[in-house]
J.: 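One structure, as structure tokens, below. Some questions next.
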Amino acid sequence: EVQLVESGGGLVQAGGSLRLSCAASGFIFDDYALGWFRQAPGKEREGVSCFSTRDGSTYYADSVKGRFTISSDNAKNTVYLQMNSLKPEDTAVYYCAAQRIQLYRVYGCSRFLPGNWGQGTQVTVSS
């Protein structure tokens, strides 16, 4: 059973930094792509950053390029999202998700299927 547990959210002032962590278990890391998504109140969920260790590909939404960095520690089965230069518009619930690599090659970061998602962690950026 795939399990994903996010941590690291919180309240930060604009311009500050946070690092989100996603502890993964129940699957072989290399068989999946991992991604970070966010949903702000009244808005649709969007893909923030996704990557595949097997393919060596990484995606960032235009809104976070140059500010956010996705990384992983395969020995710990943990994925990170380093968020710098945070803006109030980054305020959202952030979710970690996993997608089988075969599906990721089809849909990319635009669509991760239900079932392999964490519970989310709140990030609030004050102005």
Side-chain angles (χ1 to χ4, degrees):
E1 179 187 3
V2 172
Q3 289 193 331
L4 301 163
V5 180
E6 303 97 334
S7 61
L11 173 64
V12 64
Q13 288 189 330
S17 298
L18 283 174
R19 188 177 80 157
L20 305 182
S21 299
C22 173
S25 62
F27 63 97
I28 299 172
F29 231 47
D30 274 357
D31 290 343
Y32 284 73
L34 281 299
W36 285 98
F37 297 76
R38 68 185 180 186
Q39 188 164 20
K43 294 187 177 181
E44 290 189 357
R45 187 168 56 196
E46 64 169 335
V48 175
S49 181
C50 300
F51 84 103
S52 162
T53 55
R54 180 178 293 186
D55 294 345
S57 62
T58 305
Y59 164 86
Y60 292 99
D62 287 342
S63 57
V64 306
K65 280 181 182 176
R67 300 188 298 122
F68 291 10
T69 303
I70 192 169
S71 63
S72 69
D73 184 335
N74 288 7
K76 296 182 179 180
N77 275 11
T78 300
V79 182
Y80 304 98
L81 186 68
Q82 178 67 43
M83 305 186 296
N84 298 328
S85 302
L86 283 161
K87 304 175 181 180
E89 51 264 44
D90 294 318
T91 295
V93 178
Y94 284 70
Y95 299 90
C96 175
Q99 178 99 301
R100 286 193 175 272
I101 191 68
Q102 295 86 349
L103 292 173
Y104 181 69
R105 288 168 178 165
V106 174
Y107 297 114
C109 201
S110 64
R111 181 186 175 195
F112 272 40
L113 298 182
N116 298 336
W117 289 78
Q119 81 289 349
T121 185
Q122 176 70 46
V123 171
T124 303
V125 185
S126 63
S127 57

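In what follows, every heavy atom counts, from backbone to side chain, and hydrogens, waters and symmetry copies are set aside. Along the sequence shown, residues are numbered consecutively beginning with 1. Every value quoted in this text rests on a predicted model; they were computed, and no experiment measured them.
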J.: Consider only side-chain heavy atoms of I, L, V, M, F, W and Y, link residues closer than 4.5 Å, and tell whether V12 and Y80 are in one cluster.
T.: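 Hydrophobic grouping puts V12 apart from Y80.
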J.: Ignoring hydrogens, what is the shortest heavy-atom contact between A24 and F29? Give both atom names and the distance.
T.: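 Where A24 meets F29 most closely, the heavy atoms are CB-CE1, 3.8 Å.
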J.: Nearest 0.5 Å, what's the CD1-CG distance between I28 and N74?
T.: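 One finds 12.0 Å between CD1 of I28 and CG of N74.
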J.: Give the cluster check for F51 versus V2: same hydrophobic cluster or not, with ILVMFWY residues linked at side-chain heavy-atom distances below 4.5 Å.
T.: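 Yes, because F51 and V2 connect within a single hydrophobic cluster, where side-chain heavy atoms sit under 4.5 Å apart.
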J.: Could you report the tightest heavy-atom contact between S126 and L11, atom names first, then the distance?
T.: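 Reported closest heavy-atom pair: CB-CD1, 4.3 Å.
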J.: Looking at every heavy atom in both Q99 and Y104, which two are closest together, and how far apart are they?
T.: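 Nearest pair, atom of Q99 first, then Y104: CG-N, 3.7 Å.
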J.: Rounded to the nearest 0.5 Å, what separates atom CD in E46 from atom SG in C109?
T.: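 It comes to 9.5 Å.
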J.: Would you indicate whether Q119, at its atom CD, is surrounded by more than 12 heavy atoms from other residues, nucleotides or ligands within a distance under 6.0 Å?
T.: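 Yes, the 6.0 Å shell around CD holds more than 12 heavy atoms from other groups.
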J.: Looking at NZ of K87 and OG of S63, how far apart are the two atoms once the value is rounded to the nearest 0.5 Å?
T.: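 Output value for this atom pair is 8.0 Å.
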J.: Apply side chain to side chain contact (heavy atoms under 4.5 Å, CB included) to D90 and M83, showing your working.
T.: CA-CA 9 Å; D90 294 318; M83 305 186 296; over 6 Å; no
J.: If you count the non-hydrogen atoms of other residues, nucleotides and ligands that lie under 6.0 Å from CZ in R100, is the total more than 12?
T.: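 No, because the 6.0 Å sphere around CZ of R100 holds 12 heavy atoms or fewer from other groups.
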J.: Side chain to side chain contact (heavy atoms under 4.5 Å, CB included), that's the test. Do F27 and N116 meet it? Break it down for me.
T.: CA-CA 10 Å; F27 63 97; N116 298 336; over 6 Å; no
J.: Do the side chains of K65 and D62 get close enough for a salt bridge, i.e. N-O under 4.0 angstrom?
T.: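 Between D62 and K65 there is a salt bridge, with a charged N closer than 4.0 Å to a carboxylate O.
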J.: Is V48 reachable from F112 through a run of I, L, V, M, F, W or Y residues, each pair having side-chain heavy atoms under 4.5 Å apart?
T.: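 No, separate clusters.
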J.: Below 30° counts as parallel, above 60° as perpendicular, anything between as tilted: where do the rings of F68 and Y94 land?
T.: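 F68 and Y94: tilted rings.
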J.: Under a 4.5 Å side-chain heavy-atom rule over Ile, Leu, Val, Met, Phe, Trp and Tyr, are V79 and V123 clustered together?
T.: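 Yes, one cluster joins them.
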J.: Taking all atoms of both residues into account, what is the closest heavy-atom pair of T78 and S21, and its distance?
T.: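 Closest approach of T78 to S21: CG2-CB, 4.3 Å.
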J.: Looking only at non-hydrogen atoms, find the nearest pair between L81 and S49 and report the distance.
T.: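 Reported closest heavy-atom pair: CD1-CB, 4.2 Å.
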J.: Is a side-chain donor or acceptor of Y95 paired with a backbone partner of E6 at a separation under 3.5 angstrom?
T.: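 Here the side-chain-to-backbone pair does not exist.
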J.: Show your working on side chain to side chain contact (heavy atoms under 4.5 Å, CB included) between T91 and R38 and close with a plain yes or no.
T.: CA-CA 9 Å; T91 295; R38 68 185 180 186; over 6 Å; no
J.: Let me see the working for T53 and D30 under side-chain hydrogen bond (donor to acceptor under 3.5 Å, both in side chains), right down to the final yes or no.
T.: CA-CA 6 Å; T53 55; D30 274 357; 2.8 Å; yes
J.: Quick check on the hydrophobic clustering: are W117 and I101 connected, directly or via other members, by side-chain heavy-atom contacts under 4.5 Å?
T.: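 Yes, same cluster.
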J.: Please report the shortest heavy-atom distance between S17 and N84, naming the atom on each side.
T.: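 Nearest heavy atoms, S17 then N84: OG-OD1, 2.9 Å.
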J.: Would F37 and C50 satisfy side chain to side chain contact (heavy atoms under 4.5 Å, CB included), going step by step from the backbone distance to the final call?
T.: CA-CA 9 Å; F37 297 76; C50 300; 4.0 Å; yes
